[in-house]
Student: 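Below you'll find the structure I mean.
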Amino acid sequence: MNGPALKVILMSATMDSERLSSYFSDCPILIAKGRTYPVNTIYLEDIYEHIEYRLTSQSAAALQGGLKTSKKHLRNQVGSGRRRQDLVWSGFGDDAILEDSLVNPLYNESLYKDYNAMTRNNLALVNEDVIDYELLEDLVIHIAEEGESGAMLIFLPGLAEIQLLLDRLTASQKFKDLATEWLLALHSSIAPDDQRKVFRIPPQGVRKIVLATNIAETSVTIPDVVHVIDCGKHKENRFDPHRGMSRMLEVWISQANARQRKGRAGRVQPGNHFCLYTKYRLENLMHPFQLPEMLRVPLVELCLQIKLLSINNMAAFLQKALDPPKLESVETALATLREVGAVNEQEELTALGYHLAALPVDVRIGKMMLYGALFGCLSPVLTIAACLSHKSPFLVPQEQKNAAERAKKAFSDNAEKIHFEDDAPQQSDHLAMVAAYNGWRQIVTKKGAGAARGHCQENFLSMPTLKMIRDMRNQFAMLLLDMGFIKFSQAIDSKAALTDFADNLTQPFNFHAQQPAVIKAALCAGLYPNVAAMDEKSVVEGHASAGSRRAGLSSLQKPRWSDGRREVFIHPSSVNADVLEFWHPFLVFHEKVETSRVFLRDTSVISPYAILLFGGAISIQHQTGHVTVDGWLEMKAAAQTAVLFKELRIALDSVLRESIEKPQENMSSRSTEVIRFIIELILDETKIAV
DNA sequence: GAGCACTGC
């Protein structure tokens, strides 16, 4: 056949067609697009030109100061009376420095010859890196008063910014005088029912104004939008392979994002796209496309899948990708696979790696599921796995924040005392998820969907998320069954009985499903080395009797935590955020994200036993009676106890190897004994004093 | 004292 090769590419609706075309410039690509109307673009300079707005050196200074995105900082930035003070606080105390910093280094007089003096003044002073809420407010009011009818859609980077503008508009007298507006927020953490409100059509004479994140860029389409206001920024999650964690950064959008946002205006009639950035920035400073995903995310799962294809030279293979990742990123991913035990020192896929590749989850979550099956706590571990890989079922409606937090805390405190045999507060976000899911599941089966919906309302749970969690649990359970990790005490006779079999508490894989200590041990075994330890100075021996599990560690102030390399913070949404007294000085977590600080999203307090059994290398300091795990996790233990744990670890490793290499076969009686002994140890820590 | 958004085996 002659002529250019024909390439057929199936595209999802959200794929960036223009970026794709740029990759395949050698052959024509036909792109089908929905019908749209022309959209008029109004840049920052045009906004300044057309609305009465003067950026004074005072207000510009406030914009200069607010480079950080913390909420406190956001609030300071927009407060009108305290700007001078804020400047001092920001380190701009000296007026001479202040004046210097007010000059926009990007300002190019020659570009704006045809604009009026005030516009030029504003452009010379403005710091585009900071969102100007005063301008935003004026612009919204301007459009509300004079713009043609139709909904307004405002793109902002995050929830804090949405709330800030919402508060500003509600407080604005001018805006109140209009009294004909619908103000709505759109964000992924808003309950689906509230999200749906953005689709309603307002009555004649009322204008709908939606404040949204980039959820409205592709995921949610509001048909009647006529005016788009684009602040030009969004948040991006970037994985830093060097530090081994993700960071949420507020960055400039790309030209492609800007095009997509603009397109949100012209779906029912010609529209307007108001940009809070200059034409110069769009054309010369913004990247044509967003940083490709392969360069932003951890490559662990991708590398595991590639290993499964028996491709040995990982780095060379990935260099063939459209956007080859950095070598460092590949190295980090391989190091994680080695750490988890999915590949050996020679980088060959192990039996464990082979099983993990078949599970559609993060490798550590996959490992946690295998441990859950082996240690008889499958049901709760599947729930935790589903929550961590999808999303938490807990809702936090802004208006009922405190009540929602109390509801979650009640699940963690095991308030109903029906989910776990241990009735103590569990200090665990993960066990709160389990309690919430189990409670919901019981109500669904006993009283039906209607009652369950009421239960969700009362307890601030998301019904769609719980349903998704249920489906994911079933999927995971079927995969584990196929692999041979799930064994029934008596054969299941029909396919129907397999539905929700993972919930069956009479089966061996669930013998310990109601014992928090066992579940937490499985968590630690899977998620390790994602653990944090209380700062030495924060550890104060508690009031209860020594040696007892209830001993507790009390601290008058909030304890400080470390991941071994830096100070880390329990995320404020965690049930452990305000706890002063912990059962043990150790936490296990799944995700560590840096925003304003390094936060641990979901945490569970775990005992030193879990770390001794499932953590890294144990080293014993015979003289001092201290044991160190992985060189930084320190605990007190008699030398002979530590030696016993070291031996137990060797026995456990061989049991795991046996069951992972031949999951279909029944475990040898010795292995069964080892597992039984370890579970006894986990359940009754007084057996060996640590 | 804080939460861009998707997807898939």
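Just so we're on the same page: letters track the sequence lines, and every chain starts at 1.
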Student: Does the cation-pi check pass for A:R168 over A:Y133, that is, NZ or CZ under 6.0 Å from the six-membered ring centre and within 45° of its axis?
Tutor: no
Student: Starting at CG of A:L600 and ending at P of B:dA2, how long is that distance when rounded to a whole Å?
Tutor: 14 Å
Student: Would you mind telling me which of B:dG1, B:dC4, B:dC6 lies closest to the side-chain atoms of A:I215?
Tutor: B:dC6
Student: Tell me, yes or no, whether the heavy-atom count around A:H390 atom NE2, taken from other residues, nucleotides or ligands under 6.0 Å, exceeds 12.
Tutor: yes
Student: Assign A:A358 to base, sugar-phosphate, or nothing according to its heavy-atom contacts below 4.0 angstrom with the strands shown.
Tutor: nothing
Student: For A:E405, report the nucleic acid contact type (base, sugar-phosphate, nothing); a contact means any heavy atom under 4.0 Å.
Tutor: base
Student: Looking at A:S596, does any N or O in its side chain come under 4.0 Å of the phosphate oxygens OP1/OP2 on B:dA2?
Tutor: yes
Student: Under 4.0 Å between a side-chain N or O of A:T595 and OP1 or OP2 of B:dG3?
Tutor: yes
Student: Nearest-nucleotide wise, let me know which of A:H571 and A:V361 is further upstream toward the 5' end of DNA chain B.
Tutor: A:H571
Student: Please state how far atom CG in A:N402 lies from atom C1' in B:dG1, giving the value in whole angstrom units.
Tutor: 12 Å
Student: Mind calculating the distance between CE (A:M248) and C1' (B:dA2) to the nearest angstrom?
Tutor: 10 Å
Student: Please output the side-chain donor-acceptor pairs of residues 427-434 of chain A that fall under 3.5 Å, not counting sequence neighbours, one pair per line with the distance.
Tutor:
unit_1, atom_1, unit_2, atom_2, d
A:Q427, OE1, A:W583, N, 3.1
A:Q427, NE2, A:E581, O, 2.8
A:S428, OG, A:H430, N, 3.2
A:S428, OG, A:L431, N, 2.8
A:S428, OG, A:S604, OG, 2.6
A:D429, OD1, A:K408, NZ, 3.1
A:D429, OD1, A:V575, N, 2.8
A:D429, OD2, A:S574, OG, 2.6
A:D429, OD2, A:T603, N, 2.9
A:D429, OD2, A:T603, OG1, 3.4
A:H430, ND1, A:S604, OG, 2.5

Student: Partners of A:E236 by side chain to side chain contact (heavy atoms under 4.5 Å, CB included), sequence neighbours excluded?
Tutor: A:H234, A:R238, A:V251, A:Q290, A:R296
Student: Step through it carefully: locate the ring centre of A:W561, locate the ring centre of A:F589, and say whether they are under 6.0 Å apart.
Tutor: no
Student: Can you tell me if the side-chain N/O atoms of A:H187 get under 4.0 Å from OP1 or OP2 in B:dA5?
Tutor: yes
Student: Mapping A:A357 and A:P572 onto DNA chain B by nearest heavy atom, which one lands closer to the 5' end?
Tutor: A:P572
Student: Determine whether more than 12 heavy atoms belonging to other residues, nucleotides or ligands lie under 6.0 Å from atom CE of A:M483.
Tutor: yes
Student: Which of these nucleotides, B:dG1, B:dC4, B:dG3, is closest to any side-chain atom of A:R601?
Tutor: B:dG3
Student: Please determine whether a side-chain nitrogen or oxygen atom of A:S573 lies at a distance below 4.0 Å from atom OP1 or OP2 of B:dA2.
Tutor: no
Student: So A:F599, base contact, sugar-phosphate only, or nothing? Heavy-atom distance under 4.0 Å.
Tutor: sugar-phosphate
Student: Where the side chain of A:N237 is defined as all heavy atoms beyond and including C-beta, which of B:dC4, B:dG3, B:dA5 is the nearest nucleotide?
Tutor: B:dC4
Student: Rounded to the Å, how far apart are A:D482 CG and B:dC9 P?
Tutor: 15 Å
Student: How many Å lie between NZ on A:K408 and P on B:dG3, as a whole number?
Tutor: 14 Å
Student: Nearest whole angstrom, please: distance from the C1' of B:dA5 to the CD1 of A:I253.
Tutor: 14 Å
Student: For the pair made of CG in A:N257 and C1' in B:dA5, what is the distance, rounded to whole Å?
Tutor: 11 Å
Student: Counting side-chain heavy atoms from CB outward, which of B:dC9, B:dA5, B:dC4 is closest to A:Q305?
Tutor: B:dC9
Student: Between A:K235 (NZ) and B:dC6 (P), how many Å, whole number?
Tutor: 15 Å
